[in-house]
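Structure record follows, encoded as structure tokens.
Every chain is numbered from 1, with letters handed out A, B, ... down the list of sequences.
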Amino acid sequence: MPREFYDRPAIEVAPELLGCVLWHQSSDGLVAVELTEVEAYMGAIDSASHSYRGQTRRNAVMFGPPGHAYVYFTYGMHFCVNLVCQPAGIATAVLLRAGRIVAGEELARSRRPSSRRDTDLASGPARLCQALGIDMAQNGVDVCPVGSELLVTSTTDSYDNKICQGPRVGISSATDLPWRYWIDGDPTVSAYRAHVPRRRKPVTPSPR
DNA sequence: ATTAGGATCTTCT
DNA sequence: GAAGATCCTAATG
């Protein structure tokens, strides 16, 4: 991750990450995406952040130094990846929500057989991890050094004119904060969905 | 095109 | 014990 992003709040870093490239070199091969959609999570001042209620085993990486990947497992089957922004103890991070494949498209497709179109390969935080082969093995990886299996590089493209912002997806609190950023009109940006609490399985009425 | 439900398990209350 | 920074499929308009 480019040095100019270090030690700055996630809401500043997030829009600047658009257009940057995330690379993952695994034993299967290399896949890379250009980031098209991200969300900032602001730690102690953000009730939607995993770090809002303090450090736990799951979010420990968020409380560590910037430039490291915070990966979490959710819904019993999916992984999502964040980039830690601020110094140890200030747990803000950027969730990587979508990207456009720029390398290893064939491998990405083989990892995502259910994907119908090329633009769906990494259009969503869990899809992005699937396409790149990211799982808990990458939790805590430093994404700065050249040669790291997980790497973020800056871009020469300027999207300054095309950056939009709005509410974040899938959260149930702090829904008014416009901390989701995306590239206007990009087909790989995931569809916005407001949070819908999962309905409990109906309890069968006891016989009487 | 849109919606509803299921999958599946870790995490925190 | 309940909800979750999600995705997929099947059913319906």
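Remark: A:Glu149 pairs with A:His24, A:Gln138 by the side-chain hydrogen bond (donor to acceptor under 3.5 Å, both in side chains) rule, at least two apart or across chains.
Side chain of A:Asp120 to backbone of A:Ser115: no donor-acceptor contact under 3.5 angstrom is found. Between the A:Ser51 side chain and the A:Ala91 main chain, a donor and an acceptor come within less than 3.5 Å of each other.
Rounding to whole angstrom units, OH of residue A:Tyr192 and C1' of C:dA5 are separated by 12 Å.
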request  = Return one dot-bracket line describing DNA chain B 5' to 3' (Watson-Crick or G-U wobble pairs, both distances under 3.5 Å; ( ) same strand, [ ] crossing, | another strand, . none).
outcome  = |||||||.||||.
inquiry  = As a quick check of understanding, evaluate side chain to side chain donor-acceptor pair (under 3.5 Å) for A:Arg111 and A:Ser26, giving each step before the final call.
reply    = CA-CA 13 Å; A:Arg111 286 170 171 159; A:Ser26 78; 3.1 Å; yes
task = Begin with the C-alpha distance, continue with both residues' side-chain angles, and end with the deciding distance and a verdict on side chain to side chain donor-acceptor pair (under 3.5 Å) for A:Glu4 and A:Tyr6.
result = CA-CA 6 Å; A:Glu4 63 262 29; A:Tyr6 276 55; over 6 Å; no
Side-chain donor-acceptor pairs under 3.5 Å in residues 15-23 of chain A, sequence neighbours left out?
unit_1	atom_1	unit_2	atom_2	d
A:Glu16	OE1	A:Arg8	NH1	3.3
A:Glu16	OE2	A:Arg8	NH2	2.9
A:Trp23	NE1	A:Thr153	OG1	2.9

Listing, residues 175-186 of chain A side-chain donor-acceptor contacts under 3.5 Å, not counting sequence neighbours, or none:
unit_1	atom_1	unit_2	atom_2	d
A:Arg180	NE	A:Glu37	OE2	2.8
A:Arg180	NH2	A:Glu37	OE2	2.8
A:Arg180	NH2	A:Ser190	O	2.9
A:Asp186	OD1	A:Thr188	N	2.8
A:Asp186	OD1	A:Thr188	OG1	2.5

Mind listing the N/O atom pairs, protein and nucleotides 10-13 of chain B, below 3.5 Å?
unit_1	atom_1	unit_2	atom_2	d
B:dC12	OP1	A:Thr56	OG1	2.2

Expected rows: protein N/O vs nucleotides 6-10 of chain C N/O, under 3.5 Å:
unit_1	atom_1	unit_2	atom_2	d
C:dT6	OP1	A:Arg97	NH1	3.3
C:dT6	O2	A:His78	NE2	3.0
C:dC7	OP1	A:Pro125	N	3.3
C:dC7	OP1	A:Ala126	N	3.1
C:dC7	OP1	A:Arg127	N	3.1
C:dC7	O4'	A:His78	NE2	3.1
C:dC8	OP1	A:Arg112	NH1	3.0
C:dC8	OP1	A:Arg112	NH2	3.0
C:dC8	OP1	A:Ser114	OG	2.9
C:dC8	OP2	A:Arg127	NE	3.0
C:dC8	OP2	A:Arg127	NH2	2.6

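Around OH of A:Tyr52, the count of heavy atoms belonging to other residues, nucleotides or ligands within 6.0 Å does not exceed 12.
Evaluated for a side-chain hydrogen bond (donor to acceptor under 3.5 Å, both in side chains) with A:His50, the options A:Tyr70, A:Tyr41, A:Tyr72 yield exactly one hit, A:Tyr70.
Looking at A:Arg168 and A:Glu39, no side-chain N of the basic residue comes within less than 4.0 Å of a carboxylate O on the acidic one, giving no salt bridge.
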